[in-house]
Amino acid sequence: MNYWLIKSEPNTYSWDDLVAKGTDHWDGVRNYAARNNMKAMKVGDLAFFYHSVKEKAIVGIAECVKEYYPDPTTDDDRWVVVDFSPKQKLEKPVTLEDIKADDRLQDMDFLRLSRLSVQSVKKEEFDIILEKSQS
DNA sequence: GCCAACGTTGGC
DNA sequence: GCCAACGTTGGC
């Protein structure tokens, strides 16, 4: 079981959009590092859903329900998508500020590689953030 | 709205 | 295959 973080601008695609759809593919990734992460995802893996730009907060947890397959939105066979379903909404969003303020989370890819749209999260980091969402 | 970071493109 | 130019993302 692995943990991930996926980012989206809520204006383009929000947590509520995923909830409304039930299950949806995560398309539009055009970055090799992000794609490689998607290829590594397994069914049952969990991903934080982060709203960038305006909210700058993790708002929910999505579960990978289908492993990677070719991106239906392009003919270019380099790109793939995975399917997600909403798993649970966080009681309280965990903001970028919250993450920056926690000494234990300073090494996250999230802080170092702010532009990577699909990134991996360590189990310890996942647990810490989950804990923050409940306090 | 600005600008830094960084990934991608394209000329050589 | 290198590297400069360019475009995009996303925090501030």
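Throughout, protein chains are lettered first and strands after them, A, B, ... in sequence-line order, and every chain is numbered starting at 1.
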Sugar-phosphate atoms are those with a prime plus P, OP1 and OP2; base atoms are the rest. Using that split, label each nucleotide of nucleotides 3-10 of chain B B, S or - for protein heavy atoms under 4.0 Å, 5' to 3'. --BBSS--

Partners of A:Ala57 by side chain to side chain contact (heavy atoms under 4.5 Å, CB included), sequence neighbours excluded?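 So A:Ala57 forms a side chain to side chain contact (heavy atoms under 4.5 Å, CB included) with A:Pro93, A:Thr95.
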
So, A:Tyr32 versus A:Trp79, ring centres under 6.0 angstrom or not?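 Yes, ring centres under 6.0 Å apart.
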
A:Ile61 with A:Leu5, same ILVMFWY side-chain cluster at under 4.5 Å: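 Shared cluster, yes.
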
Close residues, residues 99-108 of chain A, relative to DNA chain B [heavy-atom separation under 4.0 Å]: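 Contacts with DNA chain B under 4.0 Å: none.
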
Do A:Phe48 and A:Phe126 have their ring centres less than 6.0 Å from each other?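 Between A:Phe48 and A:Phe126, the centre distance is under 6.0 Å.
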
Which residue pairs pass the side chain to side chain donor-acceptor pair (under 3.5 Å) test with at least one member in residues 55-66 of chain A, sequence neighbours excluded?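 Passing the test, one end in residues 55-66 of chain A: A:His51-A:Glu55.
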
In chain order, what residues pass the side chain to side chain contact (heavy atoms under 4.5 Å, CB included) check against A:Glu9, with sequence neighbours excluded?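 Side chain to side chain contact (heavy atoms under 4.5 Å, CB included) check on A:Glu9 returns A:Asn11, A:Thr12, A:Ser52, A:Val53.
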
Touch class at under 4.0 angstrom, heavy-atom based, for A:Leu116 against every strand present: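 Answer is nothing: A:Leu116 stays at 4.0 Å or more from every strand.
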
Contacts of type side chain to side chain contact (heavy atoms under 4.5 Å, CB included), residue A:Asn2, not counting sequence neighbours: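 Scan of A:Asn2 (side chain to side chain contact (heavy atoms under 4.5 Å, CB included), adjacent residues dropped) gives A:Trp4, A:Asp45.
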
Do the charged groups of A:Asp17 and A:Lys21 touch, with an N to O distance under 4.0 Å?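 Result for this pair is no, no salt bridge flagged.
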
